[in-house]
Amino acid sequence: MLFVAFGSLVLVPLLTGLDPNVALFTAGVGTLVFHFTTGLSVPVFLASSFAFIAPINSSIANFGLSATMGGMIAAGLVYVAISQAVRLKGTAWLHHLLPPVVVGPVIMVIGLALAPVAVQMATGATSEDIGYGRAMVLSMSSLLVTLVLAVFGRGLLRLVPIMGGIVFGYLLALVMGVVDFTPVQEAAWLALPSFTAPSFHWAAILFMIPVAIAPAVEHIGDMVAIGSVTGRNYLDKPGLHRTLLGDGLATITAGILGGPPNTTYSEVTGAVTLTRAFDPRIMVVASFTAILLAFFARIGAVLQTIPAPVMGGIMTLLFGSIAVVGMNTLVRSGKPLTAPRNLVVVSLVLVFGIGGMQIGGGQFALQGVSLAAFVGIVLNLILPPAKEEPHH
């Protein structure tokens, strides 16, 4: 289970400059917190959330690492607030506030706003010592292996395409001689992960809060998915409010220690489907394993030697696939997107989010995903509902 989650788990800290060992530690602890909250009833593993890659990057650039962690804790508190509202009011209000016409394009923005970053890494623009030609060879071959595993892989291989792509790209980089081993030689075998304490700044908090919306909505989908695999209804028992609360507390725990926000992992749901291992205690063992691995400093050091183009190639697929999840949300809802009202909501969310529109300045600037989410929610609430078109 940990192996399946591993590629994505460490990918987020590697892309955002956080410590992979801290991420391993907070994934383990976060999963334990989740199972404690839900009474050990759902076979899921929690780890680094992709939805936060872009926001963490912008936030660290603007407010620094410590303030970003404060923002994460605020995002976790949003989960907790949503979970309590769900406990008291059910989920109807959530679907009214966040219909597919808002959530779909917001998830697309989360993926597409990062597209330029992926391309810059893939073409070697971010690497000092790897030129365009070698960078393209590295990134495209890593991408190709990931694609082949994802499409043609059987069994377990189909669940670890990211891991496969990274391993292949890394081996190729070794052959090309572009891997710098200094960090590994300098790292101790065993060390405490470098935890970071959070600090709280309004700008960072306001920037992060709206990002929590997409994973919270996605969380419902994840619970339905794992429920359909195990044949249980987790929305009733332990209840959506419990699972959301577990997710929120896991994210708060990660923020306190300096790790990326936690979310339930679909890859692990895939592994559960394949192995039919429905016992949540397996996930507890995986959590303790992750916590133990976090103290092997060399693991983090080796991960940090992965050349940027290898990551870039895989990111092109990853960020695209986040956008596709958003598109799928729109398509499945079956609403006419060309109805003027829906057209307005979707187009403004996309262009404001991807184009880099900013409203306000200094401490209270809304931009990127947070602005997109805000605009989508407000427009959806004030515009009159779309008329149903007569079917011809």
Side-chain angles (χ1 to χ4, degrees), residues 12 16 18 22-23 25-27 29-38 44 46-56 58-60 62-91 93-94 97-98 102-103 106-107 110 195-220 222-223 238-264 363-366 368-374 376-377:
V12 176
T16 51
L18 301 177
V22 175
F25 187 88
T26 54
V29 174
T31 304
L32 293 176
V33 167
F34 178 90
H35 285 298
F36 181 75
T37 314
T38 54
V44 293
L46 279 72
S48 331
S49 164
F50 285 165
F52 285 89
I53 296 175
I56 291 177
S58 335
S59 181
I60 289 179
N62 292 323
F63 317 114
L65 180 57
S66 169
T68 300
M69 287 305 139
M72 299 297 170
I73 293 175
L77 288 168
V78 172
Y79 277 51
V80 173
I82 294 176
S83 75
Q84 293 317 298
V86 167
R87 188 173 66 99
L88 298 168
K89 296 266 187 218
T91 52
W93 66 274
L94 197 58
L97 187 67
L98 300 167
V102 174
V103 177
V106 167
I107 296 177
I110 289 174
F195 298 118
T196 307
S199 59
F200 298 95
H201 299 280
W202 273 115
I205 288 172
L206 289 174
F207 181 77
M208 249 346 140
I209 282 177
V211 185
I213 292 168
V217 174
E218 216 179 331
H219 172 90
I220 302 173
D222 286 341
M223 285 304 125
L240 181 62
H241 60 281
R242 279 278 180 77
T243 60
L244 267 170
L245 178 64
D247 215 332
L249 293 176
T251 292
I252 292 172
T253 311
I256 291 171
L257 296 170
N262 282 316
T263 186
T264 39
Q363 277 277 311
F364 292 93
L366 269 181
V369 182
S370 45
L371 178 63
F374 180 74
I377 290 170

- Message: Could you report the tightest heavy-atom contact between F63 and A203, atom names first, then the distance?
- Response: CE2-CB, 3.4 Å

- Yes or no on side-chain contact (heavy atoms from CB on, under 4.5 Å) for L88 and H241, after CA distance, side-chain angles and deciding distance? CA-CA 9 Å; L88 298 168; H241 60 281; over 6 Å; no

- Hey, could you give me the CE/OG distance between M69 and S59, rounded to the nearest 0.5 Å? 8.5 Å

- Note on the structure: Applying side-chain contact (heavy atoms from CB on, under 4.5 Å) to S66 and not counting sequence neighbours gives S199

- With I60, which residues qualify under side-chain contact (heavy atoms from CB on, under 4.5 Å), at least two apart? L18, I56, L65, T68

- Task: Check the surroundings of atom CZ in F374: do more than 12 heavy atoms from other residues, nucleotides or ligands lie under 6.0 Å from it?
- Result: no

- In Å and rounded to the nearest 0.5 Å, what is the OG1 to CG distance from T26 to L46? 10.5 Å

Sequence neighbours left out, cut at 3.5 Å: what donor-acceptor pairs do the side chains of residues 72-85 make with other protein atoms?
{"residue": "S83", "atom": "OG", "partner": "V80", "partner atom": "O", "Å": "2.6"}
{"residue": "Q84", "atom": "OE1", "partner": "R87", "partner atom": "NE", "Å": "2.8"}
{"residue": "Q84", "atom": "OE1", "partner": "R87", "partner atom": "NH2", "Å": "3.2"}

- Do V44 and T38 pass the side-chain contact (heavy atoms from CB on, under 4.5 Å) test, and can you show the C-alpha distance, the side-chain angles, and the key distance before you say yes or no? CA-CA 11 Å; V44 293; T38 54; over 6 Å; no

- Does the side-chain contact (heavy atoms from CB on, under 4.5 Å) test come out yes or no for F200 and I205, once each step is laid out? CA-CA 7 Å; F200 298 95; I205 288 172; 4.1 Å; yes

- Note on the structure: Output for pair (L98 CG, W93 CH2), nearest 0.5 Å, gives 7.5 Å

- Contact summary for V102 and G376, nearest pair of heavy atoms: CG2-O, 3.5 Å

- In Å, rounded to the nearest 0.5 Å, how long is the span from OG1 of T243 to CE of M223? 4.5 Å

- Query: Is it true that a side-chain atom of H201 and a backbone atom of G71 form a donor plus acceptor pair closer than 3.5 Å?
  - Reply: no

For a quick test of your reading: what N or O donor-acceptor pairs under 3.5 Å do the side chains of residues 248-258 make, sequence neighbours left out?
{"residue": "T251", "atom": "OG1", "partner": "D247", "partner atom": "O", "Å": "3.2"}
{"residue": "T251", "atom": "OG1", "partner": "N262", "partner atom": "N", "Å": "3.3"}
{"residue": "T251", "atom": "OG1", "partner": "N262", "partner atom": "O", "Å": "3.1"}
{"residue": "T253", "atom": "OG1", "partner": "L249", "partner atom": "O", "Å": "2.6"}

- Do you know which two heavy atoms are closest between F207 and P55, and how far apart they sit? CE2-O, 3.3 Å

- Polar side-chain atom of T16 near backbone of I53 as donor-acceptor pair, under 3.5 Å: no

- Item | ring pair (Phe, Tyr, Trp, His ring centres under 6.0 Å) involving F195 - partner list, sequence neighbours excluded | F25

- Query: Looking at side-chain heavy atoms only, is the closest gap between L240 and H219 below 4.5 Å?
  - Reply: yes

- Under the side chain to side chain donor-acceptor pair (under 3.5 Å) test, which residues partner T263, sequence neighbours left out? none

